[in-house]
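Quick notes on the structure that follows.
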Amino acid sequence: MSKKYIFVVGGVMSSVGKGVATASIGTILKSKGFHVTALKADPYINIDAGTMNPTEHGEVFVTKDGDECDQDMGNYERFIGEDLTKMNYMTTGRIYQTVIEKERNLEYGGKCVEVVPHIPEEIIRRINAAVKKTKAEIAIIEIGGTVGEYQNLIFLEAARMMHRKNPRDVTFVLVSYLPIPSKVGEMKTKLTQTATRELNSCGIQPDFILCRAEHPIDDKRREKLATFCSIEPENAISAPDVDCIYDIPVNFEKEEFGNKILKQLHLKPRKKDLVEWRKFLGTVCDAKKELKIGIVGKYFETGSYVLSDSYISVIESVKIAPCTQGYCPKMVWLSSNEYETNPDKLNELKELDGVIVPGGFGSRGVEGKIAVAQYCRENKIPYFGLCYGMQIATIEFARNVCKLKGAHTEEIDPETPYPVIHIMPEQKSKLRHKDYGGSMRLGEYACKLQKGTVADSAYHKYEFPVSTDNIIMERHRHRYEVNNDYRAQLESCGLVVAGVNPDRNLVEIIEIKDHPFMVGTQFHPEFDSRPLRPQPLFMAFIKAAGEKSSK
Ligand code: GLN
C-alpha cells in the first residue's frame, strides 16, 4: 500500500487536546492492524524543547535516541506504544537550520533558496524520513499552534502540497472547540466555522472536525457544521470532556472514527480494534482503593494558575501503575520552596502513601527537596527520586547519615567540601563554552542491575526487557552524576548502588537499606511507562505505597 498521512490541526484556541487526539487516532489505527507513527511539527524557532522553560512550555520529553522534544511526543508514545525518533519531531528552527546548512553546502545548485517551496519541501522530506525510519504505513502529523496564526503557515503549506500530489493518501482533521456560553446555554459553532474558513484560505479543506466541547455534539450542530464547513455530517466527531484521557480512543470509536478515517484513505480495517486497550481501561474502572501520592516540584505556578504539565510523564506514570494493581491515585502537588520557609509543613507528608521527587535544575527549592528526602527516609515513607530526585536523596544521605556536613551537588554549590554529586567530565567544557543546547547526557543508555536489589526484582517481576547479563536500557537527561570518590563511603553507611552504567561505571540507581521503598534513578523511568506496559519501578513504588496505606 502507499503510505498514508493524517494531518491534525487546531482551530479556535490552544489546549484543545490536539496532542491527545493525534495520539488517540494512533491507538485506534494501530489496534486495527496498521503500523502507525506520529509526528509533531512545532512552530517554535527553538531547535528543540530542551532550552524552553518547563513552566512555559511544559515537560521536555526525551526520545530513545536522545531528542529533547515536546511533551506531546510522550502522549504519542504512551498511546501508540511505539518508540519515536528524532525525525518524529521538528521545529521551525530545525527546518530552517537544515535548509540554511544545505544552502551553505551548495546543495541547491545555485538556485535562489526561498521560503516556498524549499521550507515546505524540507518539512515533507522529514515526514517521509520519519515514516521510513519507523517503518510506518500511516503517519499522523500534528501541526502545533492554531489555524490563523502566522507561525504555522509553512507546515500547513507542506500539508497542502502533499495533499495536492496524492489526494487519496492525505486527510485532514481539524480539532476545534465549541463553547457553550453559560448565559446562552447552547453549543455554538460559529468559531469553528471561522477556523474552517481560515484553513480553507490555506488551500486545505478538513475532512473531519473533532468537536471538543463540554458535551457530545447533537444532530443540529452536526448539520450546521456540515452546511457551513463543507464536511459530511457524520464526519463531525464528538470529543466531549473526559475525566480520564485514556477513554478518548474508545469515545472516538463510538462514532466509528477509525473506520471513517480508513475509508477516507481508501483502506479497510485488518482486525478488531482496541481489545487490549479496553482491558486496560477495565483496570482503571475497577481501581477503587485510594492512594495519596505527593509530587514535590517547583514548575507548577504559571501566573495565578497551577499547571502540572511540566511533570506530565510522571503524572501519567502515576496514573498507569496503580490502576493495574487496583489502586486509584490521588496526586497532591507540593511546592518544594514551601518546605524551606515553613519546615512544619513536612509533618503533612505523613498523610501521604508515597512521595516522588522528579527531575529538576537549579537552586530554587533544593533545600526543601532535601528536607523532604530526609523526612521520607526517617519516617519510612516510600520515596521515589527521578534524576534530580535521586541526586537529592544521595545528598541528604551523605549529609545526615554519613555526616558529611555541607555535602552538595556541584550544580548548586561548586565550593562544597563534599561534592557527592559532581559534573560529568565531558560536561565541564560544554558549560564553559556555553554549549547548552542538546548537550546533556541524553537518551537511552545501559544500566546493569545489581542482583538482589529492589530494582532488580522489580524489572524481573514486571517483565520489562532485561538482557541475559541483567542490563536494562533507560532514558537520560542530565549533566551531573554521583561522584564515585564517595561511593564506598556512602555504601558503608547503607546506601545501595543497585544499577551502574557498565561503560563508564556511572551510578544509575540507588536504594536505601531497611526502608520500605527509597529508590532513586539517574535515568527517567517515567518516559518509558505506557498503559499497555507499565514501568516496573513505578509498579514497585505503588506497591510499597499501597502497603503503607493499608497499615
Ligand atoms: N540538574 C540535574 C543534572 O543536570 C538533574 C537533571 C534532571 O533532573 N533531569 O544532572
Side-chain angles (χ1 to χ4, degrees), residues 48-55 57-64 66-69 71 73-74 295-300 309-315 317 336 355-370 372-373 383-396 398 407-414 416 419-432 434-445 447 474-484 486 499 501 504 506-510 519-529 535 537:
D48 57 41
T51 51
M52 298 183 201
N53 184 330
T55 37
H57 185 69
E59 170 188 273
V60 178
F61 186 77
V62 180
T63 56
K64 233 173 152 167
D67 202 16
E68 295 178 294
C69 49
Q71 59 181 30
M73 294 279 283
I295 300 185
V296 186
K298 66 171 180 179
Y299 304 122
F300 292 127
D309 263 17
S310 320
Y311 301 108
I312 181 106
S313 292
V314 178
I315 290 165
S317 302
S336 48
V355 170
I356 295 181
V357 178
F361 296 83
S363 60
R364 187 163 65 89
V366 72
E367 289 302 328
K369 288 181 185 176
I370 295 172
V372 168
Y383 173 101
F384 193 12
L386 314 173
C387 201
Y388 210 21
M390 171 268 210
Q391 299 176 355
I392 297 284
T394 308
I395 296 164
E396 186 282 313
H408 220 318
T409 162
E410 286 180 348
E411 178 176 355
I412 310 305
D413 181 5
T416 167
V420 287
I421 306 294
H422 70 162
I423 190 148
M424 288 184 279
E426 77 281 6
Q427 291 292 334
K428 229 182 220 167
S429 72
K430 288 184 184 174
L431 290 190
R432 208 178 312 119
K434 293 202 183 336
D435 172 11
Y436 298 128
S439 63
M440 288 187 226
R441 179 169 178 255
L442 290 168
E444 208 175 61
Y445 287 97
C447 165
E474 290 282 1
R475 302 181 197 191
H476 298 73
R477 181 173 187 250
H478 65 118
R479 290 191 202 278
Y480 298 83
E481 61 172 333
V482 172
N483 184 345
N484 277 329
Y486 291 92
N501 173 267
R504 52 191 284 178
L506 184 156
V507 174
E508 291 277 0
I509 310 176
I510 60 145
V519 175
T521 58
Q522 185 57 79
F523 52 81
H524 290 268
E526 71 272 23
F527 293 149
D528 218 7
S529 53
Q535 211 284 342
L537 294 176

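Computed from a predicted model, the values in this text were never measured in an experiment. Counting starts at 1 for both ligands and their atoms, in listed order.
- E59 and S313 share a donor-acceptor pair across their side chains, judged by distance under 3.5 Å alone.
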Between ligand 1 and the protein, find all N/O pairs closer than 3.5 Å and give the distance for each.
unit_1: ligand 1; atom_1: 1 (N); unit_2: G360; atom_2: O; d: 3.0
unit_1: ligand 1; atom_1: 1 (N); unit_2: E411; atom_2: OE1; d: 2.6
unit_1: ligand 1; atom_1: 1 (N); unit_2: E411; atom_2: OE2; d: 3.2
unit_1: ligand 1; atom_1: 4 (O); unit_2: R479; atom_2: N; d: 3.0
unit_1: ligand 1; atom_1: 8 (O); unit_2: G360; atom_2: N; d: 2.9
unit_1: ligand 1; atom_1: 8 (O); unit_2: G360; atom_2: O; d: 3.4
unit_1: ligand 1; atom_1: 8 (O); unit_2: Y388; atom_2: N; d: 3.1
unit_1: ligand 1; atom_1: 9 (N); unit_2: R477; atom_2: O; d: 2.9
unit_1: ligand 1; atom_1: 9 (N); unit_2: H524; atom_2: NE2; d: 3.2
unit_1: ligand 1; atom_1: 10 (O); unit_2: Q391; atom_2: NE2; d: 3.1
unit_1: ligand 1; atom_1: 10 (O); unit_2: R479; atom_2: N; d: 3.2
unit_1: ligand 1; atom_1: 10 (O); unit_2: Y480; atom_2: N; d: 2.9

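- For K430, the NZ atom is densely surrounded, since the number of other residues' heavy atoms within 6.0 Å is greater than 12.
- The existence of a salt bridge linking E411 and R479 is excluded, since no basic side-chain nitrogen approaches an acidic carboxylate oxygen closer than 4.0 Å.
- With sequence neighbours left out, the salt bridge (Lys or Arg N to Asp or Glu O under 4.0 Å) criterion links E508 to R441.
- Shown here for P358 and I295, the closest heavy-atom pair between the two residues is CG-CG2, 3.9 Å.
- Inter-residue side-chain proximity for Q522 and L506 is flagged as met; some heavy-atom pair is nearer than 4.5 Å.
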